[in-house]
Amino acid sequence: MTAALLSLTLAFGLVTGQFAPQQAASEPLAPALEERVQKLGKTLRCAVCQGLSISDSPSSMARAQLDMVRELVSEGKSDQEVVEFFVSRYGEWVLLEPKAEGFNWFVWLGPVALLVVGGFVIWRQLQQGPALEPAPQATSPSAPAAPGGPPSAADDADPYLQAVRRELER
């Protein structure tokens with residue numbers, strides 16, 4: 001009973017948003033500084049939505065992060081210092097565009113490599129031309145005319161066919 005009551009209370013709190021990080025939205029800064037805040041917000045990933053920047057996300061977590069950017073900019077921090085603050089807190093994952101260094105080169109060069117390989121495959125296929133169908137083979141006098149005809153010399157040499165014939169004769 002206690003567990004059910006606790007679960008209902010928790011569910012009600014989550015639905016109403018009582019347990020979400022609540023922070024009053026800070027006041028917009030001067031237009032030049034607010035432009036910097038929005039520009040920085042476009043480069044940082046929302047921790048909740050993961051596909052949106054904190055400027056585009058409607059989540060309260062993104063609002064809190066954008067308020068933190070606004071606070072850091074109002075303190076006089078440079079763009080690089082603000083980005084480093086979030087990277088130190090959330091890791092490089094927080095950047096919508098990863099830095100082109102180390103293992104991240106695969107992220108940047110992977111699509112280009114796939115295009116080059118695909119273009120090469122297409123080029124090779126075009127160079128080979130259309131596949132020609134083999135010409136029908138002329139029947140030789142030693143080949144049987146019908147499937148039920150007499151066995152050829154090649155059939156007599158095959159031990160498997162000989163074993164099958166022996167079984168059929170029994």
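Distance check, rounded to the nearest 0.5 Å: CE of M61 to CG of L66 gives 12.5 Å.
No donor-acceptor pair closer than 3.5 Å links the side chain of R170 to the backbone N or O of R165. S55 places a side-chain N or O within donor-acceptor distance of the main-chain N or O of Q38, the cut-off being under 3.5 Å. Judged by distance alone, with hydrogens and angles left aside, the side-chain atoms of R63 form a donor-acceptor pair with the main-chain N or O of I54 at under 3.5 Å. Side chain of T43 to backbone of L40: a donor-acceptor contact under 3.5 angstrom is found. For the pair E167 (side chain) and V164 (backbone), a donor-acceptor distance under 3.5 Å is absent.
Shown here for V37 and R70, the closest heavy-atom pair between the two residues is CG2-CA, 3.8 Å. The shortest non-hydrogen separation linking F86 to V69 is CE1-CG2, 3.3 Å. In terms of heavy-atom proximity, G41 sits nearest to S53 at O-CB, 3.2 Å.
A continuous path of ILVMFWY side-chain contacts below 4.5 Å connects L168 to Y160, so both sit in one hydrophobic cluster. Under the 4.5 Å side-chain heavy-atom criterion for grouping Ile, Leu, Val, Met, Phe, Trp and Tyr, Y90 is connected to F85 within one hydrophobic cluster.
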Chi angles and distances behind the side-chain contact (heavy atoms from CB on, under 4.5 Å) call for V87, E84: CA-CA 5 Å; V87 169; E84 286 174 3; 5.5 Å; no
side-chain contact (heavy atoms from CB on, under 4.5 Å) evaluation trace for E81 with L72: CA-CA 9 Å; E81 289 173 327; L72 292 171; over 6 Å; no
Step-by-step side-chain contact (heavy atoms from CB on, under 4.5 Å) determination, Q125 to F120: CA-CA 9 Å; Q125 291 296 322; F120 177 74; over 6 Å; no
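A salt bridge does not link E169 with R166: none of the charged nitrogens is closer than 4.0 Å to a carboxylate oxygen.
Partners of R45 according to the salt bridge (Lys or Arg N to Asp or Glu O under 4.0 Å) rule, which considers only residues two or more places apart in sequence or in another chain, do not exist here.
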